[in-house]
Amino acid sequence: MSPNGSEKKTMITAREDILSRIRNAIAGQGSATGTVDKRLQAHAVNTIPARGRCDRNACIDAFVTEAEKVNATVARITGADAVPPEVVRYLTDNNLPLVLRLAPDPRVAVIPWAQQTLLEVSTGAARSSDTASVSHAFAAVAETGTVVMVSGAENPTTLNYLPPTHFAIIAVADIFGSYEEVWRRLRAQRAEVAEPCDVMPRAVNWITGPSRTADIEQTILLGAHGPQRLHIVIVDGKKI
Amino acid sequence: MEATTFRFKANARQALANDTLRDALALLSKGFPAKRLQAMARMPEFEALRDEARDIKNHVLANLDHYLERFESRVTEQGGHVHWCRDATEARQTILDICRHTDAKTVTKSKSMIGEEIAINDFLEENGITPIETDLGEYIIQLRQEPPSHIIAPAIHLKQHQVAETFRDNHAELHADRSLDEPRALLDEARSELRQKFFDADVGLTGANMLVVETGSTVLVTNEGNAELTCTLPRVHIVIASLEKIVPTLEDATTILRVLARSATGQEMSVYTSFCTGPKRANDLDGPDQYHVLLLDNGRTQLLGTEFQEMLRCIRCGACLNHCPVYKAVGGHAYGWVYSGPMGAVLIPGLIGLDQTADLPKASTLCGHCESVCPMRIPLPRMLRAWRRQLFDLRRGSKTVRFGLRAWTMLATRPGLYRVLTGITVAMLAWLGRSRGAFRSLPLAGSWSKARDLPAPEGGTFVAQWQRKKDHDHGTRRYP
Ligand code: SF4
């Protein structure tokens, strides 16, 4: 939207007005010049709780325990080849249609879906009719059993929220103890691929269990607007 | 929203007589505090995290101008638009202008207290644009045309059968005999009613739990997933946030997230925490084409630099409401505006003036439970007292109360006189009440004793008992 001239004028006035009110109100409180910029660049880490400072194997176990506590289900398998049978097993066990909407992520594309002849797959952003989706998590956090999804051409955000069943695939190497490790990793990765000002993808979504609500008499119900089922598939091995 | 804060006493009396409300509030006061304690038990670092969260916000408030400017540049660099709004009128107009520029007919909304504060729904409707609340609780109260009664559980005052009635009245196209006896049936109905609306909406309007300066991101925390659909499906995403929502870095946001859900619902982390940054990127397959952030003052700068500055650390977790004996008795609507409970009683006078809101800071026992659970360590009782002092200085309140307070000041600052007078009073009361052991009614305290008896004093004043105990200990104990 490009605002017309008169709007622009009032907006600038409001901006200046608010800033000057703030400056008058907090005069003398501010830190030394440069502190703010230094702080923004330092990315200093605050307290990380002990449960987020686990070693690799402990992290994986803790992640599974925490994710299950918040009603996600977790499967741990070896190699990309084992993904389709696991997904089919889950769908069958839950009496769900064998239809999947896949993320256009190369790590999802290499999975041999065609081996499961009953499975019907298509690729792209989610549509209203989709019943189950598969996307690839950027990372996972042991502290609370959280999966971290990052938007982009490879993993459209709608896949995480629209279909009632969501499969999140995560490579075992991408499970970390704390959120802070995930931020560090995201910054490092974005520094390689993105424009300098593109620190963040459009959306970074932390997902901790399936959607829920307690708005009716505090009764917890799963599947409010987002998925009712979140199945996390941890993949061991190099292939994925 | 039209404030009815000046009617607090009448509102509260009405609320106390409402049995359905009492049931609902009883449920709340059992649920949230117990879950909070469980979460606390699993997080030994919680106190340290609270200190850090407090320090982060203190630092931000002391440098707010710098942070806001940098936040603005980051959003703009990434293709977003920032709009500064001094008050509700400017904010409403800005939102309407964006809607008009993008030919918007419907707006989906994810729960936002600022949205309530600026009463955006009514305004959009007056201007021919349909706002649709998508959080289940907000959807219910929108249908009932009621304000939220709790900052994180807006429909907490309602029982299931009331929700069912509301749905029957409003979803007229559905079969009249359908069963709505289970919460699940209600949820499913709301979900399917709203599904298509998410797709049809032109604009998605959300609040923000935080604004991250480092990245120019807005942070949203929900459990239902409605906020995520709201900021992904429509062509335009508008975020409305008040100035103090700023945090410097992703790490700082993370620390605050660690205390937020635990204090609010007792969850370790809310289901969905979303960091949104700018519009859809070149190769993205979904996301909005436009991304706007409104930075709203609406009275915040008046609190900066005053004894109420610390209130701006509030992250709207609702813990102070869940633990407040007054809130738990009267519920949120009695407070008469968007906010309620201890945080409301401090914030509302700050935002809309003491004139209309004089009863709110008085509606507290000053028990201090709110401060003890506040993740941001906001000294709510101190600030409630500060408002009361201002009221006194402004010569507000009834003559009797003012006289009483002045008499009390006179007495309390003269220990000798105090002791003599209390000694006489206690002896008299003990003698008068010696047969029943309690008083049914007292002169000058009729409304207090209407609901309870005052036990007759036994054994003299505290100071007298203390003195006796000291003398006694002195006599029996051997001091080196
Ligand atoms: S005042 Fe403290 S406890 Fe109350 S809502 Fe704000 S942050 Fe939470």
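Numbers restart at 1 for each chain; the letters A, B, ... are given by sequence-line order, proteins then strands. In this text the structure is predicted, and so the values were computed from the model without any measurement.
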Pick one of side chain, backbone, both or neither for A:E154, based on which atoms fall under 4.5 Å of a heavy atom in chain B. neither
Side chain, backbone, both or neither: which part of A:P210 has a non-hydrogen atom closer than 4.5 Å to chain B? backbone
Taking it one step at a time, do A:T35 and B:N63 satisfy side chain to side chain contact (heavy atoms under 4.5 Å, CB included)? CA-CA 9 Å; A:T35 314; B:N63 297 280; 5.9 Å; no
Against chain B, work out which of A:N205, A:V36, A:T144 has the most heavy-atom pairs shorter than 4.5 Å and name it. A:V36
Who wins among B:F46, B:F32, B:Y291 for the most heavy-atom pairs under 4.5 Å with chain A? B:F32
Under a 4.5 Å heavy-atom cut-off, does chain A meet the side chain of B:P279, its backbone, both or neither? backbone
Give, for atom CZ of B:R74 and atom CG of A:L40, the distance between the pair rounded to the nearest 0.5 Å. 9.0 Å
Against chain A, label B:L303 side chain, backbone, both or neither, depending on which of its atoms sit under 4.5 Å from a heavy atom there. neither
Applying side chain to side chain contact (heavy atoms under 4.5 Å, CB included) to A:Y179 and B:E251, what does each step give before you reach the verdict? CA-CA 8 Å; A:Y179 318 101; B:E251 280 74 6; over 6 Å; no
Option in A:A203, A:S151, A:G209, A:S128 with maximal non-hydrogen atom pairs under 4.5 Å from chain B: A:S128
I'd like to verify something: which residue of A:A125, A:G226, A:G124, A:A214 has the highest number of heavy-atom pairs under 4.5 Å with chain B? A:G226
Taking atom types as modelled and ignoring hydrogens, do the side chains of B:E224 and A:S211 form a donor-acceptor contact shorter than 3.5 angstrom? no
Would you check if there is a donor-acceptor pair between the side chains of B:E214 and A:Q41 at a distance under 3.5 Å? no
Okay, B:I156 and chain A: the region with an atom under 4.5 Å from a heavy atom over there is side chain
B:H59 portion near chain A, given a 4.5 angstrom heavy-atom threshold: side chain
Quick one: do B:E52 and A:N46 satisfy side chain to side chain contact (heavy atoms under 4.5 Å, CB included)? Show the steps, please. CA-CA 7 Å; B:E52 286 176 353; A:N46 307 309; 3.1 Å; yes
Structural part of A:L230 lying under 4.5 Å from a heavy atom of chain B: neither
As an exercise: rank B:T232, B:T273, B:L186, B:T249 by heavy-atom pairs under 4.5 Å with chain A and give me the winner. B:T273
Regarding B:E69 and A:R23, does a basic nitrogen lie under 4.0 Å from an acidic carboxylate oxygen? yes
If you measure from SG on B:C85 to CG on A:D17, what distance do you get to the nearest 0.5 Å? 12.0 Å
Check each atom of B:T301 against the heavy atoms of chain A and say whether the ones under 4.5 Å are side chain, backbone, both or neither. both
Could you tell me which portion of B:S270 (side chain, backbone, both or neither) has an atom closer than 4.5 angstrom to a non-hydrogen atom of chain A? backbone
Answer key: most heavy-atom pairs under 4.5 Å with chain B among A:G28, A:S20, A:S31 is A:S31
Per-residue tally against chain B (heavy atom, under 4.5 Å) across A:T158, A:T219, A:T146, A:N160 peaks at A:T158
Residue selection (most heavy-atom pairs with chain A, distance under 4.5 Å) from B:H66, B:R300, B:Q196, B:R42: B:R42
What's the spacing between A:S178 OG and B:R258 CZ if we round to 0.5 Å? 6.5 Å
Who wins among A:T208, A:L159, A:L222, A:V148 for the most heavy-atom pairs under 4.5 Å with chain B? A:T208
Is A:T157 close to chain B through its backbone or its side chain, or both, or neither, when contacts mean heavy atoms under 4.5 Å? both
For A:V141 and B:M269, run side chain to side chain contact (heavy atoms under 4.5 Å, CB included): C-alpha distance rounded to whole Å, both residues' side-chain angles, the deciding distance at 0.1 Å, then the answer. CA-CA 11 Å; A:V141 182; B:M269 187 57 63; over 6 Å; no
Output for pair (B:F275 CZ, A:W206 CH2), nearest 0.5 Å, gives 4.0 Å
Most chain A-contacting option - heavy-atom pairs closer than 4.5 Å, from B:V236, B:D135, B:T254: B:T254
For chain A, which of B:P183, B:C276, B:A155 has the most heavy-atom pairs under 4.5 Å? B:P183
Please assess A:R51 against B:E268 for the test salt bridge (Lys or Arg N to Asp or Glu O under 4.0 Å), listing each intermediate value before the final yes or no. CA-CA 12 Å; A:R51 62 192 243 221; B:E268 306 266 348; 2.7 Å; yes
CG on B:L136 to CD1 on A:I216, rounded to 0.5 Å: 5.0 Å
Please look at A:V70 and chain B and tell me whether the side chain, the backbone, both or neither of the residue comes under 4.5 angstrom of a heavy atom of that chain. neither
To the nearest 0.5 Å, atom CD1 of A:I22 lies from atom CG of B:L68 at 5.0 Å
If we ignore hydrogens and angles and just use 3.5 Å, is the side chain of A:H225 paired with the main-chain N or O of B:T134 as donor and acceptor? yes
Measuring heavy-atom distances to chain A, does B:Y272 have an atom under 4.5 Å in its side chain, in its backbone, in both, or in neither? both
When you measure from the side chain of B:E45 to the backbone of A:A50, do you find a donor-acceptor pair of N or O atoms at a distance under 3.5 Å? yes
Atom group of B:E72 that falls short of 4.5 Å from chain A, counting heavy atoms: side chain
So, A:E217 and B:K30, do they make that salt bridge, N to O below 4.0 Å? no
Toward chain A, the part of B:L229 with a non-hydrogen atom under 4.5 Å: side chain
Name the option with the most non-hydrogen atom pairs under 4.5 Å to chain A; the candidates are B:L285, B:L49, B:D65. B:D65
Pick one of side chain, backbone, both or neither for B:Q302, based on which atoms fall under 4.5 Å of a heavy atom in chain A. neither
Counting only non-hydrogen atoms closer than 4.5 Å, does B:D51 touch chain A with its backbone (N, CA, C, O), its side chain (CB onward), both, or neither? neither
With a 4.5 angstrom heavy-atom cut-off, which part of B:L28 approaches chain A: side chain, backbone, both or neither? both
